[in-house]
> 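Have a look at the structure that comes next, please.
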Amino acid sequence: MVIETRRKGWNAMAMAAEEIERLICESLPDARVNIEDLRGDGDHYAAHVVSEAFRGKSRVQQHQMVYKALRGRMGDNLHALALQTSVPDET
Amino acid sequence: MDMENPVFERIKNDVASNDVVVYMKGSPVFPQCGFSAAVVQILSEMKVKFRGIDVLSDPSLRDGIKKFSDWPTIPQLYIKGEFIGGCDIVREMFESGELADLFQKQGIVSVA
């Protein structure tokens, strides 16, 4: 018997902001992450990730690092993550 | 990269034979997703000739393109065979002027 818990407006595929942050920090321990739930549905977020690990990497590589940290949830559980990445003293 | 994936050959040909390619949901005239529409709009505003390839019409392409570029979402922009990024990066580059510079550097002129 599958107990389906549905938060207001969330589908079973949504993700909590805390989980996104946790996953990112697990792979990028020094990362500073701030996340905004754009629509309150757990599916459309904007995130700004700052990490020394991005230094010298292209934007695409930086974003790929974040997507790897999210272990395949990007595009599946997470429909939209407006991502911004930068190295510490650039912000 | 998984070389046996048959879709990769097709992708390689597409990005080699078209200067600017957008793998998208829907078509340039009828984009089926806001992010795809945003990239199409940027390219149209820059008056750059591009080829829009609809991944919705072919599930193997929709999956294959994500493996090919190691990028989990659609749309995906390619310029002269090189993966540039998705909607966020294209928008950021457009707003900073980097995209115009890249087109110029790659000899891609806008069609008046």
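Source: prediction; values computed, not measured. In what follows, chains carry the letters A, B, and so on, assigned in the order in which the sequence lines appear, proteins first and then strands, with residues in each chain numbered from 1.
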> Do B:Phe8 and B:Ile53 belong together in a cluster built from hydrophobic side chains that touch within less than 4.5 Å?
yes
> Heavy-atom count check: over 12 atoms from other residues, nucleotides or ligands less than 6.0 Å from B:Gln106 CD?
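Correct, the count exceeds 12.
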> Hey, could you give me the CZ/CD distance between A:Arg59 and B:Glu98, rounded to the nearest 0.5 Å?
4.5 Å
> When hydrophobic residues are tied together by side-chain contacts of less than 4.5 Å, even through go-betweens, does B:Phe50 share a cluster with B:Val90?
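Yes; B:Val90 is reachable from B:Phe50 via cluster members.
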> Measure distances from B:Ile74 to the heavy atoms of chain A and classify the residue's part below 4.5 Å as side chain, backbone, both or neither.
neither
> Test of understanding: clusters of I, L, V, M, F, W, Y form through side-chain heavy atoms closer than 4.5 Å, transitively. Do A:Leu81 and A:Ile35 belong to the same one?
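A:Leu81 and A:Ile35: one cluster.
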> Hydrophobic clusters here meaning ILVMFWY residues chained together by side-chain heavy-atom distances under 4.5 Å, can you tell me if B:Phe94 and A:Leu83 are in one?
yes
> If you round to the nearest 0.5 Å, how far is OH of A:Tyr67 from CG of B:Asp70?
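Between atom CG of B:Asp70 and atom OH of A:Tyr67 there are 11.0 Å.
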> Give me the atom names and distance for the closest heavy-atom approach of B:Trp71 to A:Val60.
CZ3-O, 3.6 Å
> With only heavy atoms counted, which part of B:Glu82 is less than 4.5 Å from chain A, the side chain, the backbone, both or neither?
neither
> Give, for atom NE2 of A:His63 and atom CG of B:Asp88, the distance between the pair rounded to the nearest 0.5 Å.
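The NE2 atom of A:His63 sits 6.5 Å away from the CG atom of B:Asp88.
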> Please flag which part of A:Leu70 lies under 4.5 Å from any non-hydrogen atom of chain B: side chain, backbone, both or neither.
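Contact with chain B is absent: no heavy atom of A:Leu70 under 4.5 Å.
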> Taking a hydrophobic cluster as the set of Ile, Leu, Val, Met, Phe, Trp and Tyr residues connected by side-chain heavy atoms closer than 4.5 Å, whether directly or through intermediates, do B:Val21 and B:Phe103 fall within one such cluster?
yes
